[in-house]
Protein chains: 4
Amino acid sequence: MNLHEYSDAVTHELNKALNQIDPKSVDRMIEALEGADEIFVCGAGRSGFMARAFTMRLMHMGRKVYLVGETVTPNLRQSDVLVVCSGSGETKSLVSMAQKAKSLDAKVVLVTINPESTIGKLADVCVRINAPSPKAAKEGDLKSIQPMGNLFEQSLLLYLDICVMLMMEKKNLTGSEMFTRHANLE
Amino acid sequence: MNLHEYSDAVTHELNKALNQIDPKSVDRMIEALEGADEIFVCGAGRSGFMARAFTMRLMHMGRKVYLVGETVTPNLRQSDVLVVCSGSGETKSLVSMAQKAKSLDAKVVLVTINPESTIGKLADVCVRINAPSPKAAKEGDLKSIQPMGNLFEQSLLLYLDICVMLMMEKKNLTGSEMFTRHANLE
Amino acid sequence: MNLHEYSDAVTHELNKALNQIDPKSVDRMIEALEGADEIFVCGAGRSGFMARAFTMRLMHMGRKVYLVGETVTPNLRQSDVLVVCSGSGETKSLVSMAQKAKSLDAKVVLVTINPESTIGKLADVCVRINAPSPKAAKEGDLKSIQPMGNLFEQSLLLYLDICVMLMMEKKNLTGSEMFTRHANLE
Amino acid sequence: MNLHEYSDAVTHELNKALNQIDPKSVDRMIEALEGADEIFVCGAGRSGFMARAFTMRLMHMGRKVYLVGETVTPNLRQSDVLVVCSGSGETKSLVSMAQKAKSLDAKVVLVTINPESTIGKLADVCVRINAPSPKAAKEGDLKSIQPMGNLFEQSLLLYLDICVMLMMEKKNLTGSEMFTRHANLE
């Protein structure tokens with residue numbers, strides 16, 4: 001396949017994956033984010049990079065938000081929410097974080113391929129992305145021409161970016177207003 | 001707009017942006033990557049997170065690759081290539097890196113909205129993604145419903161993932177082989 | 001030399017370096033930190049890791065503090081302070097940040113071997129640590145048995161930790177109070 | 001206390017802590033590092049920043065070394081060693097990593113306050129630093145005027161830097177040779 005054949009195939013896969021997300025689960029995720037005092041986000045590997053892209057936009061929106069593991073991240077409290085991005089829902093370090101968050105009575109939101117995973121079972125809100133995973137015990141039924149977790153990770157980025165747009169609409173926030181909070185020391 | 005309307009609009013924008021990339025520039029980028037001893041990758045902000053996702057896949061392919069700024073990143077040498085991911089092509093820290101790389105006679109590849117930028121002018125290879133940028137002096141002519149640099153950053157991820165698939169094909173590499181190099185201490 | 005001979009030599013070097021720091025420059029640094037709305041910290045390489053250790057303690061103290069380059073770091077404003085940790089005072093990316101901060105009329109504090117450096121010349125407050133640097137044009141006159149920037153980086157950590165203790169005393173803050181803000185999702 | 005009183009007190013504490021490290025445990029740690037194919041290093045919070053400073057010096061020495069969690073870190077194999085930096089020896093994410101490493105028959109080295117901890121019990125080599133910990137069940141008997149884990153973290157940096165010097169001596173490596181591998185894109 002060449003560049004443009006891949007472009008068509010990949011965007012077609014993404015369109016299909018995104019259209020299979022349950023809008024009700026998205027409403028519940030946005031409600032959890034809006035009801036939280038502070039938002040903590042975590043993810044490992046490439047899902048972790050997509051989690052960071054989401055975290056940065058939440059900061060641009062003016063939210064108090066932290067990436068678990070970064071220098072300035074304080075303690076999570078009961079009034080906070082933990083957003084976990086994990087295809088398998090079984091990544092060891094993320095399981096520990098979700099368990100700790102629940103032990104503190106904080107809300108846990110999971111974006112995953114696998115809602116029946118360990119984290120899925122203890123999450124308050126679960127958004128399912130239907131994509132194949134090299135790690136999940138039970139793979140999604142959607143086939144992909146892409147290697148490893150590509151389709152999940154790409155769908156995750158687009159889904160989280162759409163979440164931000166849905167929240168912006170509700171608050172009448174524009175991109176230009178958000179841009180004023182963009183880092184200026186790069 | 002609701003979730004599924006956004007899903008359609010975003011994947012449509014991405015399809016259009018990816019199909020405007022010049023395949024010849026992609027061939028030159030892949031040639032530069034394949035001809036390099038070691039690959040160094042850099043990017044700031046959300047583009048930097050997409051750069052990391054690419055870096056990780058190159059590691060999975062078995063390449064010697066580094067993200068500029070990470071702990072184990074050594075000195076760049078003449079036989080290496082620096083891949084810069086920058087919508088504007090003007091980010092101060094990235095301009096310094098590209099200049100330093102050229103002063104060492106290493107190759108520079110830029111993926112950007114703006115090939116006429118400072119980095120664009122000194123790059124050996126320039127891959128243009130046609131997307132609006134909140135920072136670029138001269139914006140792309142493609143309109144987007146998305147805020148800030150979203151369309152560029154998303155296109156960047158998909159484009160770099162397609163690059164990996166094009167290189168995998170040439171080497172007859174499968175996702176399963178690459179998965180054996182996936183971090184196992186998460 | 002063996003372990004305990006090195007232990008004595010290194011702690012002796014550190015004692016000497018710390019005792020050569022000008023207490024008046026430290027008072028000015030603490031004044032700048034206490035007068036700032038938000039604190040931004042930056043540093044490259046090993047000095048950057050020491051900068052992060054400082055940033056984390058300022059967060060434990062309850063200060064609004066950011067590490068330049070991390071996901072949640074917003075825009076710096078006039079009422080903020082930028083703390084730069086740089087042995088040479090000439091690191092390209094840090095010079096850009098210091099210049100940008102001054103262009104916004106924010107305060108710049110530098111901890112360095114080399115107060116006559118580019119960053120030193122534009123900084124509002126300069127704390128000098130007398131240690132050899134492999135990069136500085138003009139090396140400190142203190143000799144060290146240690147390689148590369150070791151003595152500067154170690155002195156930097158200890159100096160910044162002492163700064164925190166001096167600020168804790170002024171605010172009657174205890175370690176136990178600070179520990180309540182310690183990350184609990186590790 | 002003022003700056004210079006703190007300087008004396010802190011360096012005195014460090015001298016005492018370093019002199020209580022068992023040289024035989026250090027020999028075993030160096031042997032494990034020298035016998036390993038690749039070295040993986042991990043740590044959380046401020047101990048993690050000290051772990052990074054060590055990782056960078058090992059890279060400067062020309063070793064294949066990775067920080068767990070960074071972009072280019074591949075899979076750990078049986079012939080590798082995992083160095084864990086953890087005051088308490090009980091940090092959840094680090095316990096998972098040490099267990100995984102042992103399940104792959106790789107060697108685990110722990111630098112800790114608490115050798116009787118979960119990680120201490122499964123480590124092949126344990127280097128004890130005698131310092132108080134806010135998290136350890138059983139605190140060290142050394143008192144410190146410093147808050148939280150300061151004395152451990154500072155001792156950790158100095159101890160790891162001394163390890164590097166001991167290894168440099170054995171290989172007749174100089175700081176100038178190591179400096180040639182120093183990142184040149186900062």
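A, B, ... follow the sequence lines: proteins, then strands. Residue 1 opens every chain. The analysis underlying the following values was restricted to heavy atoms, covering all of them including side chains, and did not include hydrogens, waters or symmetry mates. Keep in mind the model is a prediction, meaning the values are calculated, not measured.
For the atom pair CG of A:Leu158 and CG of B:Leu158, the computed distance is 6.5 Å after rounding to the nearest 0.5 Å. The CD atom of A:Gln146 sits 6.5 Å away from atom CG of B:Asp161, with the distance rounded to the nearest 0.5 Å. Between A:Leu3 atom CG and B:Leu18 atom CG the span is 7.5 Å, to the nearest 0.5 Å.
Contact check for B:Leu157 versus A:Met50: side-chain heavy atoms found under the 4.5 Å cut-off. At least one side-chain heavy atom of B:Asn19 sits less than 4.5 Å from a side-chain heavy atom of A:Asp8. When side chains are defined from C-beta on, A:Pro23 does not count as touching B:Asn2, because their heavy atoms never get closer than 4.5 Å. Side-chain contact between B:Lys92 and A:Glu186 is absent, with no heavy-atom pair separated by less than 4.5 Å.
For residues 164-174 of chain A, heavy-atom neighbours of chain B at less than 4.5 Å comprise A:Met165, A:Leu166, A:Met168, A:Glu169, sorted by residue number. Contacts of residues 118-127 of chain B with chain A at a heavy-atom distance below 4.5 Å are absent; not one residue qualifies. Within residues 29-47 of chain A, the residues having any heavy atom closer than 4.5 Å to a heavy atom of chain B are A:Ala44, A:Gly45, A:Arg46, listed by residue number. The stretch residues 51-68 of chain B places B:Arg52, B:Ala53, B:Phe54, B:Met56, B:Arg57, B:His60 near chain A, each with some heavy atom under 4.5 Å from a heavy atom of that chain.
The residue from B:Thr11, B:Val10, B:Asn15 that alone fulfils the side-chain contact (heavy atoms from CB on, under 4.5 Å) condition with A:Leu14 is B:Thr11.
When each of A:His12, A:Glu153, A:Gln154 is checked for heavy-atom pairs under 4.5 Å with chain B, A:Gln154 comes out on top. Looking only at heavy-atom pairs under 4.5 Å with chain A, the residue among B:Ser7, B:Cys163, B:Gly175 that has the most is B:Ser7.
A:Leu185 does not touch chain B: none of its heavy atoms, backbone or side chain, sits under 4.5 Å away.
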